[in-house]
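Written out below as structure tokens is the structure these notes cover.
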Amino acid sequence: MPMKLFGKAKAAPSPKDSIIKLRETLEMLEKREAFLQAKCNKEVMEAKKLLQQKNKRAAMMCLKRKKTYESQIDKISGARMTIETQVNAIEGASVTMDALSAMRTGAQAMRQLHRGMTSEQVDDTMEDIREQMDLANELNEAISQPLGGEIIDEDELEAELDALEQENVDEQLLGLEAARLPTKLPSAPVTTPASKAGAVSEEDELAALEASMAI
């Protein structure tokens with residue numbers, strides 16, 4: 001059995017572990033870039049100082065070192081861009097895989113629910129439900145009918161109701177007419193004979209005359 005020269009292959013890191021490692025590398029590169037940029041600024045300041053001292057040769061060396069630092073900064077910037085692209089790609093792929101996994105789980109659940117069920121079975125079930133509903137309606141209608149097979153004629157009841165209503169109207173009219181007739185005949189006026197009335201009048205006049213003579 002041949003032996004493997006380099007041992008067992010390591011398991012591939014998970015997307016989460018890979019993203020964590022890449023972000024740690026980005027942080028380290030950012031710090032390195034900031035450090036080199038500070039050295040570039042320092043070399044520029046030193047070159048200006050040497051030029052004031054008329055030491056052009058030393059100032060030139062400062063600028064050369066600055067160029068070296070800038071070259072390293074450019075390489076670090078390129079590496080950072082590549083790593084950021086990898087992080088975005090891994091995150092996007094991870095989201096896609098999570099979505100696919102969720103959809104696969106949903107498909108399995110639906111397959112489990114629909115196992116052993118066909119469209120013909122669904123149609124048969126719905127037809128059975130409709131038949132049972134029709135039977136229930138027929139039973140309810142049969143139960144609501146009067147016992148003995150007697151069927152009530154609605155038109156006949158309506159005519160009888162109209163007749164009763166007309167009787168009530170007639171009775172009310174008769175009551176109004178009876179209320180209008182007088183209950184007792186008026187008594188005949190009592191007339192006093194004219195002679196008696198005249199006598200009474202003369203007696204009054206005579207009494208008045210006697211009273212005036214007495215005075």
Side-chain angles (χ1 to χ4, degrees), residues 1 4 6-30 78-190:
M1 182 177 178
K4 294 183 179 180
F6 301 101
K8 295 181 179 180
K10 293 183 179 180
S14 64
K16 183 178 179 180
D17 294 336
S18 298
I19 291 174
I20 292 174
K21 182 63 177 177
L22 290 171
R23 291 195 181 281
E24 290 176 350
T25 303
L26 279 175
E27 186 178 357
M28 181 270 293
L29 291 176
E30 288 174 358
R80 284 179 57 192
M81 182 63 65
T82 301
I83 292 174
E84 289 175 355
T85 302
Q86 284 183 318
V87 170
N88 292 332
I90 293 173
E91 288 178 343
S94 179
V95 171
T96 301
M97 292 304 298
D98 290 341
L100 288 174
S101 177
M103 288 187 287
R104 188 180 298 112
T105 301
Q108 292 174 354
M110 292 181 66
R111 189 180 300 109
Q112 182 68 24
L113 292 171
H114 295 158
R115 180 174 295 177
M117 183 179 295
T118 61
S119 59
E120 289 79 8
Q121 291 176 335
V122 174
D123 292 338
D124 293 340
T125 301
M126 296 304 298
E127 183 63 27
D128 189 19
I129 293 173
R130 283 190 287 269
E131 291 178 358
Q132 294 302 319
M133 293 297 296
D134 293 339
L135 177 59
N137 292 332
E138 292 177 1
L139 291 175
N140 290 331
E141 185 176 355
I143 292 173
S144 63
Q145 293 296 330
L147 295 177
E150 181 182 356
I151 300 176
I152 299 176
D153 189 352
E154 297 289 339
D155 294 336
E156 182 179 352
L157 292 178
E158 190 72 25
E160 184 176 354
L161 185 63
D162 292 340
L164 290 175
E165 186 176 3
Q166 184 62 41
E167 289 181 5
N168 289 334
V169 172
D170 294 341
E171 291 177 357
Q172 291 177 0
L173 291 175
L174 290 175
L176 291 175
E177 290 178 358
R180 292 175 182 174
L181 294 175
T183 56
K184 295 182 180 181
L185 294 175
S187 58
V190 179

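From a predicted model like this one, the values you see are computed outputs, not experimental measurements.
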Using only atom types and a distance under 3.5 Å, with no angle test, would you say the side chain of [X] pairs donor to acceptor with the backbone of [Y]?
{"X": "Ser94", "Y": "Ile90", "value": "no"}
{"X": "Asn140", "Y": "Ala136", "value": "yes"}
{"X": "Ser101", "Y": "Met97", "value": "no"}
{"X": "Gln108", "Y": "Thr105", "value": "no"}

**Message:** Using 0.5 Å steps for rounding, measure from the CD atom of Glu24 to the CD1 atom of Ile19.
**Reply:** 12.5 Å

**Request:** To the nearest 0.5 Å, tell me how far Gln132 CD sits from Leu139 CG.
**Result:** 9.5 Å

Any side-chain heavy atom of [X] within less than 4.5 Å of one from [Y]?
{"X": "Leu174", "Y": "Glu171", "result": "no"}
{"X": "Leu135", "Y": "Glu138", "result": "yes"}
{"X": "Met103", "Y": "Leu100", "result": "yes"}
{"X": "Arg23", "Y": "Ile20", "result": "no"}

**Request:** List the steps and the verdict of side chain to side chain contact (heavy atoms under 4.5 Å, CB included) for Met126 and Ile129.
**Result:** CA-CA 5 Å; Met126 296 304 298; Ile129 293 173; 4.2 Å; yes

**Request:** For side chain to side chain contact (heavy atoms under 4.5 Å, CB included), just list the numbers for Asn88 and Glu91, CA-CA rounded to whole Å, side-chain angles, deciding distance to a tenth of an Å, and then say yes or no.
**Result:** CA-CA 5 Å; Asn88 292 332; Glu91 288 178 343; 4.1 Å; yes

**Asked** Regarding Gln166 and Asp170, is there a side-chain donor-to-acceptor distance under 3.5 Å anywhere?
**Response** yes

**Message:** How close do Arg80 and Leu26 get, counting heavy atoms only, and between which atoms?
**Reply:** O-CD2, 3.6 Å

